[in-house]
Amino acid sequence: MDPIAHTFTGAALAAAGLRRTTPLASAALVIGANAPDIDVVTMFAGDYASLAFRRGWTHGLLAVAVLPLVVTGLLLLWERIVRRRRPEAAPARAGPLLGLAALAVLTHPTLDWLNNYGLRWLMPFDGRWFYGDALFIIDPWVWLALGGVLFLAHSRRPAALGAWAVLWALASVLVFTAEIPLASPIVWTAGLTAFVAARAAGIAGDTHPRRIERGARAALALVAAYMAVQVAANVPARAEVRAALAARGIDAVESVMIGPNPADPFAGSVVAETPDAYYTGRWHWLESPRFRPDAQPIPKNRRGPVAEAAAAALPARRYLTWSRFPFFEIEADDSGYTVTISDARYRGIARLGGVVVRLDRDLRPVEEHR
């Protein structure tokens, strides 16, 4: 998920009382919650290198074991170099610090697994992707629940209050300009208003520290329950999609995705894979029928020498490492072929939507671009 969600998760764990475990506890939780995203540096490694590498080595089992040690080591180094200048400061305890860093690091791949972008839990031992298909990459309800409590806990100073105002304003712009149901901005505004009213009433971390801790625990429990419900709801939904397709004579369904929609926990985008095509559509829990298939399937077009030659090009190999539902569109002209490789999850999104490979008549790449 997005960095704000990860940061809010680590900070909310600290606000829930874990910050009292040891000095530097809050730092361990916030840094650990973001540590796996060090693979963002691969964005500078060339076209689609980031897609092929991200959510792998730094998000898998090995990283979950190693990154807490790294975070703890850096914090203890900070303790040794900086905090020792303050002899009155209580020393950080290595054991609890390591435990908190491990908890924070583990939250990161868990949250990332929840969306349909994918995560490779078993890296570097196994490159398989896993998908929760439960939450959109940016979920405003996670921001509101966790960020609201943190706003109450950390808005005592005028500068902090101003920073929160800017953050909430930018988040509200995102919510109000996105293509989401009308009810979502209304709920967002009501929730934000409630937190602002609570802050105006004097509920803040310095005046009600125990109340803030209880609020942080309640917010974390609420978010965890919301995520669990979204994950569990996917099971009967996928079964219903399979049944609906079978009623239309489409029996060879290999997998089904109901990808979450932004700010709408009741709706999703459906992709059902068969050996030769993808059947897409729209899912909504509050409509009847809940599954509305699109008129035409998307053919995979993955077989044949042209598709195979295009798939061998470097940008295509990187893209296909990440792609879950790839399909090929081939155009021929007098000089060769233009092959567009896309993913049925993200049709129409420039960065994630596909890679274009140009082949000459002998099926050699002559130009590779987005």
Side-chain angles (χ1 to χ4, degrees), residues 39-57 115-120 123-124 126-131 133 137 179 245 248-257 259 269-282 293-370:
D39 60 3
V40 71
V41 298
T42 58
M43 293 180 62
F44 304 101
D47 287 348
Y48 299 99
S50 180
L51 284 181
F53 187 83
R54 292 208 67 192
R55 297 201 182 189
W57 277 78
N115 53 58
N116 67 344
Y117 187 100
L119 179 110
R120 288 171 281 187
M123 284 290 283
D126 189 320
R128 281 180 294 169
W129 290 85
F130 297 85
Y131 311 90
D133 294 338
I137 291 176
E179 295 183 5
L245 291 173
R248 294 162 56 94
I250 306 165
D251 296 313
V253 176
E254 298 174 346
S255 63
V256 175
M257 178 204 80
S269 301
V270 176
V271 179
E273 181 180 8
T274 66
D276 299 311
Y278 303 112
Y279 290 81
T280 59
R282 179 177 179 272
D294 294 332
Q296 298 295 329
I298 301 173
K300 290 183 176 179
N301 291 331
R302 296 191 65 175
R303 300 188 182 94
V306 176
E308 293 171 1
L314 178 58
R317 293 202 309 272
R318 290 171 169 171
Y319 185 83
L320 290 170
T321 296
W322 162 83
S323 183
R324 182 179 181 182
F325 300 121
F327 63 95
F328 292 62
E329 297 173 286
I330 302 172
E331 298 180 11
D333 56 38
D334 293 339
S335 60
Y337 305 89
T338 300
V339 182
T340 302
I341 308 173
S342 305
D343 191 295
R345 290 174 295 176
Y346 298 110
R347 300 186 304 279
I349 300 178
R351 176 60 184 164
L352 300 177
V355 57
V356 179
V357 178
R358 178 68 185 170
L359 304 172
D360 63 19
R361 299 301 296 181
D362 295 322
L363 304 184
R364 293 173 301 193
V366 295
E367 184 182 1
E368 301 169 6
H369 56 86
R370 297 178 188 173

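No donor-acceptor pair closer than 3.5 Å links the side chain of Arg345 to the backbone N or O of Ser269. Listed for the Arg302 side chain is no donor-acceptor partner under 3.5 Å among the backbone atoms of Pro326. Between the Thr42 side chain and the Ala45 main chain, no donor and acceptor come within less than 3.5 Å of each other.
Summarising the geometry, atom CZ belonging to Phe327 is positioned 12.5 Å from atom CD belonging to Glu273; distances are rounded to the nearest 0.5 Å. Rounding to the nearest 0.5 Å gives a distance of 11.5 Å between CZ of Phe130 and CZ of Arg120. Distance check, rounded to the nearest 0.5 Å: CG of Asp276 to CD1 of Ile298 gives 14.0 Å. Distance check: Tyr337 OH to Ile330 CD1 gives 9.0 Å after rounding to the nearest 0.5 Å. For the atom pair CG of Leu51 and CZ of Arg318, the computed distance is 10.0 Å after rounding to the nearest 0.5 Å.
For the pair Leu359 and Ala309, the tightest heavy-atom approach, listed with the atom from each and the gap, is CD1-CB, 3.9 Å. Of all the heavy atoms in Ala307 and Asn301, the pair that sits closest is CB-O, 3.5 Å. Closest heavy-atom contact between Asp294 and Gly281: OD2-N, 3.5 Å. Taking every heavy atom of both residues into account, Val357 and Ala313 meet most closely at CG1-CB, 4.0 Å.
When side chains are defined from C-beta on, Ser335 does not count as touching Asp360, because their heavy atoms never get closer than 4.5 Å. At least one side-chain heavy atom of Asp343 sits less than 4.5 Å from a side-chain heavy atom of Tyr319.
In this structure, the side-chain contact (heavy atoms from CB on, under 4.5 Å) partners of Pro124, at least two apart in sequence or on a different chain, are Trp57, Leu62. Looking at residues two or more places apart in sequence or on another chain, you find no side chain to side chain donor-acceptor pair (under 3.5 Å) involving Arg317.
Side-chain contact of Glu331 with Thr338: a donor-acceptor pair under 3.5 Å is absent, judged by distance alone. Between the side chains of Asn116 and Tyr346, at least one donor N or O sits under 3.5 Å from an acceptor N or O.
Ring-plane geometry between Tyr131 and Trp129 is classed as parallel, the angle between the planes falling under 30 degrees on a 0 to 90 degree scale with a further cut at 60.
Heavy-atom contacts from other residues, nucleotides or ligands closer than 6.0 Å to CD of Glu254 number more than 12.
Using a cut-off of 4.0 Å between Lys/Arg side-chain N and Asp/Glu carboxylate O, Asp333 and Arg358 are scored as salt-bridged.
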